[in-house]
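A short write-up of the structure that comes next.
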Amino acid sequence: MPQSEAFEGVIGRTFRESTPWWPAPRSDAAGRPDVVLIVLDDVGFGSLGCYGSDIDTAHMDAIAGRGLRYNNFNVTPLCSATRAALLTGRNHHSVGMAYLSNVDTGYPGYRGRITDRAATAAEVLRERGFATMCVGKWHLAPLEQTTAAGPYDQWPLGRGFDRYYGFLDALVDQYYPDLVYDNHRVDPPGRPEEGYHLSEDLVDHAIGFVRDHVSVAPERPYFLYLAFGAAHTPHQAPETYLEKYRGRYDCGWDVAREERFSRQKRLGVIPEDAQLAPRNPGVEPWESLNPDQRRLYARMQEAYAAFLDHTDDQIGWLMGFLEGLGRLDDTVVVLLSDNGASQEGGPHGGCDIVTYEESGFCTVEFNLERFDTIGGPDSQVNFPWGWAQVENTPLKRWKQNTHAGGVRTPLVVSWPSGIGEAGAVRSQFHHAVDVVPTLFDLLDVTPPDEIRGIPQMPYHGVSMRYSFSAPDAPSTRSTQYFEMIGHRAIYHDGWKALTLHTKGGPFDDDPWELYHVVEDFSECRDLAVEVPEKLVELAELWEREARRYGVFPLDDRYLSVRSSTYQLPGSPRRRTRFRYLPGMERIPAGATPLIFDRSYRIEARVAPLEGTEQGVLVAVGDVSGGYVLYLRDGHLVHEYNYLGRRQRLTSSASVASGTRLLAFEFDRTDKYCGTGRLRVDGEVMAEATMVDMARNMISWGGLSIGVDALSPVSSLYPKGFPFSGGIESVVFTLGEEQEIRSHDVLD
């Protein structure tokens, strides 16, 4: 047999005249620290106890007590973008993640995936011999590619992780999560009535992964990336945590924000001369609200606080496990949030997560009808603007914006063996792209010029290690651009210029603001008129940086282009016919048939009915919205829930024995309305006009055949409600022409 070129021994006819040889270990990783990178979601600058919050985050505070807190750390204004920058050490446009993995607009910076020219930290560290584990939120794979058919190259295992357990989309119901284990979907290991909650499940698997590794290969260090759903909507927590915060926020958001501001100064986490930013536009004085509003808004903040508190306890569970292993002192723990607290709840908060996606806000009346469900499994809640600003104390604006409230977040770094000054604050300006270069510096890892034969782009980040021992050293990062959905900003040498874009308006008409952030921590004093030459200088610098890092073309359509993914080559949404077989569960929302504002038909072909069968034939969605076709008490039912308005059709007669074809059809007659019909073996059994239907999105939940797999679409049947008969197939047939709004089309 031919000998391998890599073999350096001698192969004779038998082992007696042969010389063995073994390749050297692929790396010298042994002896290096372990790394735990914890990412919170939509948690504002002022949300942790060690950053001034009243929320009980004792375990995260303990991490800070063993390390450093940074008060001038910046991220991008949205989750996928920050995660791409964080894991690669490059700017998010440069790697193809301008905003979210839900969208590919056809331009290099807006692909919704990370280019292979920007390896993740996991890809680099695995090559150096580290074990790599990912648990929790991913949101870095194009959503139409997250079905069981793949492709899998942008899933965690395709981007350098050995093991994965979590969810692939932007958000998930904490009680009914759409879970992926490695490269396949799995059922949640429990239900809410059994005490299940996703945050506990994630940490259970993180501990399991680490336990497996250190039991077999303790000499190899590991990299654990743990990304919680908390505190992204839906805000959901166990009842004991919700009860803990009852009445805590009856004082209102004005008082709560003032109290956090005072605590921040006492803790030294903000400068003594920092100002409390004025209320953001749309945030009303608490005293001006009526009793129902106060009661509602306080209850929503209780849910947020309970969610974060519960998450903190899970982090404490993990830290306790690592301490028990005896490895915590030589573990680098990095904890941050991906962006500021969310504005997506609107002025009144929301008890569903669809209304905002459909360009609206829930009303007080809508939310009050669901008051008793807030924080539990029967609603998917986000809090109102006023509380979002409290979580961003003392800053202005919020998630999506390039003001500090959107991009300045907590950063805690702990490494007892390597950081001498514990519990201190650092104020150097840094960005998410700096985290991976810092880790490489601490681990003495030089990233290769090529990964799997693919040349790698330069790193845009710099190491923050110098700041560990030099609190007063000038920042090694002097410049950083920001851009999100047309909102722009540039930081340079202590100055920051920014603009808040008006959606749909000319980008050149957006007025620029100017702040000397070295002296104005909260961006309260706009110097655009006083120092116009500095503003011009920074605006020109933003243009240069934007071209350098692939920001153009500016695009403010954001998620409104999701429904146009059917245009993308290879997208499953290009088809007009979808045939699903029984057992197909949890096709993600990003790959479900696009039924919006078009005619369509759903046909379930079943084994001949005997007349006693019941259950779900097909379900799309969750408690916030969706549609479902099911049999119950002998009748065929179609239920369509959009923004809390349920349109239900029930067959006029029982379905007869021997029936084979159960169908719902919708004939579009005008924008967002038409006629719905139920058919049994072709015969019309019910008909009604359906109005005010979904424009662009009906749910974040996916599609399941033969069962309502996760959060229930309807409350009229038992949870899950599996079909007791036999399903041969479920076929969606869509109208050839799709009438979507002109600004949704990729032009």
Side-chain angles (χ1 to χ4, degrees), residues 38-65 69 71 174 197-200 203 228-267 269-270 276 286 297-319 335-342 345 349 374-376 381-395 398-399 405 408-412 423:
I38 301 173
V39 180
L40 304 173
D41 202 329
D42 291 6
V43 170
F45 178 84
S47 287
L48 307 185
C50 56
Y51 280 80
S53 176
D54 61 278
I55 299 172
D56 184 359
T57 60
H59 301 291
M60 289 185 269
D61 299 347
I63 296 172
R69 286 165 292 163
N71 67 3
Q174 297 294 307
H197 191 282
L198 176 61
S199 296
E200 298 176 16
V203 171
F228 287 96
H232 196 294
T233 182
H235 299 159
Q236 297 168 315
E239 186 62 30
T240 53
Y241 288 83
L242 295 169
E243 289 295 330
K244 178 178 178 178
Y245 288 91
R246 291 289 181 249
R248 177 79 63 92
Y249 299 104
D250 292 351
C251 62
W253 50 54
D254 292 323
V255 169
R257 197 160 72 104
E258 289 281 356
E259 290 177 348
R260 289 199 189 187
F261 182 59
S262 296
R263 279 193 296 271
Q264 288 173 331
K265 289 197 173 182
R266 290 199 301 272
L267 290 170
V269 78
I270 64 174
L276 183 63
W286 186 262
Y297 302 161
R299 178 59 58 93
M300 290 176 161
Q301 172 65 4
E302 291 167 8
Y304 175 92
F307 192 15
L308 190 57
D309 186 339
H310 178 248
T311 304
D312 179 74
D313 278 350
Q314 311 322 305
I315 292 173
W317 180 21
L318 173 63
M319 292 297 111
L335 184 148
L336 67 147
S337 175
D338 62 353
N339 45 246
S342 171
I374 290 173
V381 177
N382 202 353
F383 58 11
W385 286 340
W387 289 114
Q389 189 165 17
V390 171
E391 299 310 322
N392 290 334
T393 302
L395 309 173
W398 27 51
K399 174 184 177 182
R408 193 183 303 162
T409 71
L411 172 70
V412 174

Salt bridge (charged side-chain N to carboxylate O under 4.0 Å, His left out) partners for Asp312, two or more places apart: none
Do Met60 and Pro410 have side chains that get closer than 4.5 Å, going by heavy atoms? no
To the nearest 0.5 Å, what is the distance between CZ (Arg257) and CG (Leu276)? 4.0 Å
Without swapping roles, check the side chain of Arg248 against the backbone of Asp54 for a donor-acceptor pair under 3.5 Å. yes
Enumerate the salt bridge (Lys or Arg N to Asp or Glu O under 4.0 Å) contacts for residues 229-239, please, sequence neighbours excluded, ordered by first and then second residue. Glu239-Arg246
Got a sec, which residues hit side chain to side chain contact (heavy atoms under 4.5 Å, CB included) with Asn392, two or more places apart in sequence or on another chain? Ala341, Trp398
Shortest non-hydrogen contact from Ala388 toward Ser342: CB-O, 3.2 Å
State the OG1-CD distance between Thr393 and Glu259, to the nearest 0.5 angstrom. 10.5 Å
Worked check of side-chain contact (heavy atoms from CB on, under 4.5 Å) between Asp338 and Asp42: CA-CA 6 Å; Asp338 62 353; Asp42 291 6; 3.9 Å; yes
Please check if the side chain of Tyr241 supplies one atom and the backbone of Ala305 the other of a donor-acceptor pair under 3.5 Å. no
Show the numbers, then the answer: is there a side-chain contact (heavy atoms from CB on, under 4.5 Å) between Gln389 and Trp253? CA-CA 8 Å; Gln389 189 165 17; Trp253 50 54; over 6 Å; no
Decide yes or no for Phe45 and Asn71: does some side-chain heavy atom of the first lie under 4.5 Å from some side-chain heavy atom of the second? yes
Is the side chain of Arg69 donor-acceptor paired with the backbone N or O of Val269 at a distance under 3.5 Å, no angle test? no
Kindly indicate whether the side chain of Gln174, heavy atoms from C-beta on, has any atom under 4.5 Å from the side chain of Ser199. yes
For the residue pair His197 and His310, does the interplanar ring angle fall in the parallel (under 30°), tilted (30 to 60°) or perpendicular (over 60°) class? perpendicular
Among residues at least two apart in sequence or on other chains, which ones pass salt bridge (charged side-chain N to carboxylate O under 4.0 Å, His left out) with Asp309? Lys244
May I ask you to test the Leu40-Thr409 pair for a side-chain heavy-atom distance under 4.5 Å? no
His232 NE2 to Asn382 CG distance, which is reported to the nearest 0.5 Å: 8.0 Å
Check Trp317 against Glu200 and note the closest heavy-atom contact, atom names and distance. CZ3-O, 3.6 Å
Heavy atoms only: give me the nearest Gly349-Pro384 pair and the separation to one decimal. N-CB, 3.3 Å
Taken in chain and number order and not counting sequence neighbours, the residues that satisfy side chain to side chain donor-acceptor pair (under 3.5 Å) with Glu391 are Ser47, Arg260, Gln301
Report yes if the side chains of Leu308 and Thr57 come closer than 4.5 Å at any heavy-atom pair, otherwise no. yes
Less than 4.5 Å apart, any side-chain heavy atom of Leu242 and any of Glu302? no
Taking the six-membered ring for Trp, are Phe307 and His235 parallel (under 30°), tilted (30 to 60°) or perpendicular (over 60°)? tilted
Start with the C-alpha gap between Leu318 and Gln314, add the side-chain angles, then the distance that decides, and say whether side-chain contact (heavy atoms from CB on, under 4.5 Å) holds. CA-CA 6 Å; Leu318 173 63; Gln314 311 322 305; over 6 Å; no
Heavy-atom side-chain proximity of Ser53 to Leu48 below 4.5 angstrom: no
Minimum heavy-atom separation for Ala298 and Trp387, please, with both atom names. N-NE1, 4.1 Å
Quick check: closest heavy atoms across Cys50 and Asp61, and the distance to 0.1 Å? N-OD1, 2.9 Å
So, taking the atom named CZ in Phe228 and the one named CD1 in Ile38, what distance separates them when rounded to the nearest 0.5 Å? 6.5 Å
Is there a side-chain contact (heavy atoms from CB on, under 4.5 Å) between Val381 and Tyr304 once you walk through the steps? CA-CA 9 Å; Val381 177; Tyr304 175 92; over 6 Å; no
Kindly indicate whether the side chain of Ile270, heavy atoms from C-beta on, has any atom under 4.5 Å from the side chain of Phe261. yes
Sequence neighbours excluded, which residues qualify as side chain to side chain donor-acceptor pair (under 3.5 Å) partners of Asp254? Arg279
Could you measure the distance from the OG1 atom of Thr311 to the CG atom of Asp313? Nearest 0.5 Å is fine. 9.0 Å
